[in-house]
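We use all heavy atoms of the structure for the numbers below, so side chains are in, but hydrogens, waters and symmetry mates are not.
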Amino acid sequence: MNRRLSDFVLPGLSLVVLALFVFSRPVLAHHSFAAEFEDKNGEINGVVTEARYTNPHPRYRVQVTNADGSTEEWELQGQSVTNMRATGWDRDFVKIGDQVRVWGSLGRDESKRLFIRGLEKSTGEVYPVVSKDRPANRAQTVNATVGKNYAYAKLNPDAPIDISGPWRNSYKFHVTVDDLEPKPTPFTPAAKARYEATVHHDDYSLRCVAPGLPRIFGAPYDMEIVDAGSHYLFVYIEHNTPRWIYMDGRSVPENFPDTSMGFSLGHWEGEELVIETTRLLPGWLDGSGMPFEGGEDTHIVERYTFAEDRLSMERVMTIHDANYTQPLVRRRASARDDYLVIAEHDSCDPSSYYRDLLEAGEIEQRLEAY
C-alpha cells in the first residue's frame, strides 16, 4: 500500500515545517539497529496488511492472530532496497494479503517490531536467497580480469596500482554501530553528556539526508572509483554521493567551506593509498548518535591497502575529533566487482521517519524545538 507523507503527520502540519525536519541536521540525533532492536530473536506468523518497499528501510505490517483469537499488528523492517534486492527480495516478493512466517531480531522495550532475518511465504518461497545474477563472492568472478585497465580517463602516472572500477563495500562488512576502537570510547565529559542525551528516532539518514564522512566510509553500499589523473573520483551509490580526492599536490583552498564530504587530499606511500580529509561538517560517527564535531580542529586519515591479487583492499580510517581524547579507528574492506546495481526507484522515502514520530507521540515536541 502506497501512503503519502501527509497520511502520517498531524492535521495542520505545514510543508514548511516538514521541510525543517527533512533538511536540518541536528547534532543531537539517535537512530540505528541497536537503538530500535535488541540481540534477541523472535518469530511471527501472519498476514501482510501493508507493504512499503522504499529506502532507507523497507517496512511491512503484519496482522498476527493469537491462540485466543485476538489480533496484533507487527511492523517488519528490512535492510536497504539495494541489499534486499541483491538477495532475492524485489518489490513484488511480498505483497498485501500474503501469509508469511518471519523471524529476526525483536524490537526493544517489547515493541511489536521485528528486523527481518528470514521469511517464508505460504508458497514455500524463502528469503534470503542468492540472486542468480549476483554471486556471493564477486571477487572470484573477476579473477580473469586481473591486469585489465578499468580506467575511464588518463591514469595518474604516479599510481602504482590501477584502482579504477566498481568496488563492493559489503565485503567483510559489519554494522556501523559500536565499531570504533578503542573501547571504552574515549569521550570527553561534554561529548559523553551529549551522546547520552541523544533522542530516539531522530536520525537524519531516515530523513533521506546523505550521511557524509566519516559515516559513509562504514556503509555496505557499493562505490566506483574513477582515476581522472589529477584526482580520484569516488562515487558511492548511497545517495549517489560523489567525492573528489586530489592527487596533484594542491593545498586546501582557504575559502573552502565545511561540507558533509569535506576536502580530501591523497598520495601514495609505496602501494598504500593515503587520504586526509578536513573541512567537515558536524554530524555523527555512527548510527548510535556518537557526536562528531567537525570544523577546523577535525581531520580524518584513511589508508587503503591492496591484496596481492588486487581483487580486494583493507580500509582503515583514523578519526581525530575534539569530542574524543584519543583518535578513533574504523576498519572495513572492499572487493572488486564487475558492475554496480543502481536503480532510480531506489530513491529514499522519509515517510517512515514521520510515522515513527507520530506513533511515538513526538511530533508536537519536535515542533516546539523548532
Novice: Let's go through Asn169 and Met223 carefully: what are the C-alpha distance in whole Å and the side-chain angles of both, what is the deciding distance for side chain to side chain contact (heavy atoms under 4.5 Å, CB included) to 0.1 Å, and is it a yes or a no?
Specialist: CA-CA 7 Å; Asn169 289 339; Met223 68 179 178; 3.7 Å; yes
Novice: Is it true that Leu233 and Val252 fall in one hydrophobic cluster, defined by side-chain heavy atoms closer than 4.5 Å?
Specialist: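 Same cluster: Leu233 reaches Val252 through Ile, Leu, Val, Met, Phe, Trp or Tyr contacts under 4.5 Å.
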Novice: Taking all non-hydrogen atoms of both residues, which atom of Thr54 and which atom of Val81 are closest, and how far apart?
Specialist: C-CG2, 3.7 Å
Novice: Would you check if the side chain of Asp286 reaches a backbone N or O of Asp178 as a donor-acceptor pair within less than 3.5 Å?
Specialist: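 Confirmed, Asp286 side chain pairs with Asp178 backbone.
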Novice: Within the side chain of Thr277, is there an N or O that forms a donor-acceptor pair under 3.5 Å with the backbone of Gly262?
Specialist: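 Pair absent, no side-chain N/O of Thr277 close to backbone of Gly262.
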Novice: Roughly how far apart are Met317 CE and Arg331 CZ, rounded to 0.5 Å?
Specialist: 13.0 Å
Novice: Do Val47 and Ile116 sit in the same hydrophobic cluster, where Ile, Leu, Val, Met, Phe, Trp and Tyr count as joined when their side-chain heavy atoms come under 4.5 Å apart?
Specialist: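 Looking at the clustering, Ile116 is in a separate group from Val47.
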Novice: Could you see if Ile275 belongs to whatever hydrophobic cluster contains Trp268? Use Ile, Leu, Val, Met, Phe, Trp, Tyr and a side-chain cutoff under 4.5 Å.
Specialist: yes
Novice: Do any N or O atoms from the side chain of His57 and from the backbone of Gly78 form a donor-acceptor pair under 3.5 angstrom?
Specialist: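 Yes.
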Novice: Can you find a heavy atom in the side chain of Met261 that is under 4.5 Å from one in the side chain of Ile216?
Specialist: yes
Novice: Apply the side chain to side chain donor-acceptor pair (under 3.5 Å) test between Ser264 and each candidate in Arg279, Glu302, Arg243; give the one that qualifies.
Specialist: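 Testing Ser264 for a side chain to side chain donor-acceptor pair (under 3.5 Å) against Arg279, Glu302, Arg243 leaves exactly one candidate, Arg243.
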Novice: In Å, rounded to the nearest 0.5 Å, how long is the span from CG of Leu265 to NE2 of His231?
Specialist: 13.0 Å
Novice: Does this structure show an ion pair linking Glu314 with Lys172, if we count only N-O contacts that are shorter than 4.0 Å?
Specialist: yes
Novice: Using only atom types and a distance under 3.5 Å, with no angle test, would you say the side chain of Asp109 pairs donor to acceptor with the backbone of Ser111?
Specialist: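 Checked: no pair found.
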Novice: Give the minimum heavy-atom separation between Val48 and Lys95, together with the two atoms involved.
Specialist: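 Nearest pair, atom of Val48 first, then Lys95: CB-O, 3.4 Å.
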Novice: Tell me if the CD atom of Glu296 is crowded by more than 12 foreign heavy atoms within 6.0 Å.
Specialist: no
Novice: Membership question, hydrophobic clusters at under 4.5 Å side-chain separation (ILVMFWY): are Trp103 and Trp74 in the same one?
Specialist: no
Novice: State whether the side chain of Arg315 and the backbone N or O of Phe217 hold a donor-acceptor pair below 3.5 Å, judged by distance alone.
Specialist: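 A pair under 3.5 Å: yes.
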Novice: When you measure from the side chain of Arg330 to the backbone of Leu285, do you find a donor-acceptor pair of N or O atoms at a distance under 3.5 Å?
Specialist: yes
Novice: Tell me whether the guanidinium CZ or amine NZ of Lys121 lies under 6.0 angstrom from the six-membered ring centre of Phe93 and within 45° of its axis.
Specialist: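 Output yes; distance and angle both within limits.
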Novice: Is it true that the side chains of Asn41 and Arg117 contain a donor and an acceptor less than 3.5 Å apart?
Specialist: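 On atom types as modelled, these side chains do not qualify, holding no pair under 3.5 Å.
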Novice: Using 30° and 60° as the class limits, which term best fits the ring planes of Tyr60 and Trp89: parallel, tilted or perpendicular?
Specialist: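 Aromatic pair Tyr60/Trp89 classed tilted.
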Novice: Should we count NZ of Lys183 as having more than 12 external heavy atoms under 6.0 Å?
Specialist: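 Correct, the count exceeds 12.
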Novice: Hey, is the main chain of Arg310 close enough, under 3.5 Å, to the side chain of Arg336 for a donor-acceptor pair?
Specialist: yes
Novice: Looking only at atom types and distance, does a side-chain atom of Asn323 sit under 3.5 Å from a main-chain N or O of Ala191, one as donor and one as acceptor?
Specialist: no
Novice: When you check the side-chain N and O atoms of Asp227 and Ser164, is any donor under 3.5 Å from an acceptor?
Specialist: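 No pair is found: no donor N or O on one side chain lies under 3.5 Å from an acceptor on the other.
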Novice: Same cluster or not: are Val301 and Leu280 linked, directly or through other Ile, Leu, Val, Met, Phe, Trp or Tyr residues, by side-chain heavy atoms under 4.5 angstrom apart?
Specialist: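 No; Leu280 is not reachable from Val301 via cluster members.
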Novice: Kindly check if the number of other-residue, nucleotide or ligand heavy atoms within 6.0 Å of CD (Glu110) is above 12?
Specialist: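 No, CD of Glu110 has 12 or fewer neighbouring heavy atoms, counting only those of other groups under 6.0 Å.
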Novice: Asp321 side chain to Glu293 main-chain N or O, any donor-acceptor pair under 3.5 Å?
Specialist: yes
Novice: Check this for me, if you would: do Glu120 and Arg101 make a salt bridge, where the nitrogen-to-carboxylate-oxygen distance has to be below 4.0 angstrom?
Specialist: yes
Novice: Which word best sums up how the rings of Phe187 and Tyr324 line up, parallel for under 30°, tilted for 30 to 60°, or perpendicular for over 60°?
Specialist: tilted
Novice: Does the distance from a Lys or Arg side-chain N to an Asp or Glu carboxylate O, for Arg59 and Glu50, drop under 4.0 Å?
Specialist: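 Salt bridge absent between Arg59 and Glu50.
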Novice: Give a yes or no on whether the backbone of Gly46 and the side-chain of Gln99 come within a donor-acceptor separation of less than 3.5 Å.
Specialist: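 Side chain of Gln99 to backbone of Gly46, a donor-acceptor pair under 3.5 Å: yes, one is there.
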Novice: Quick one: pull up CG in Leu273 and OG1 in Thr305 and give me the separation to the nearest 0.5 Å.
Specialist: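 The distance works out to 9.0 Å.
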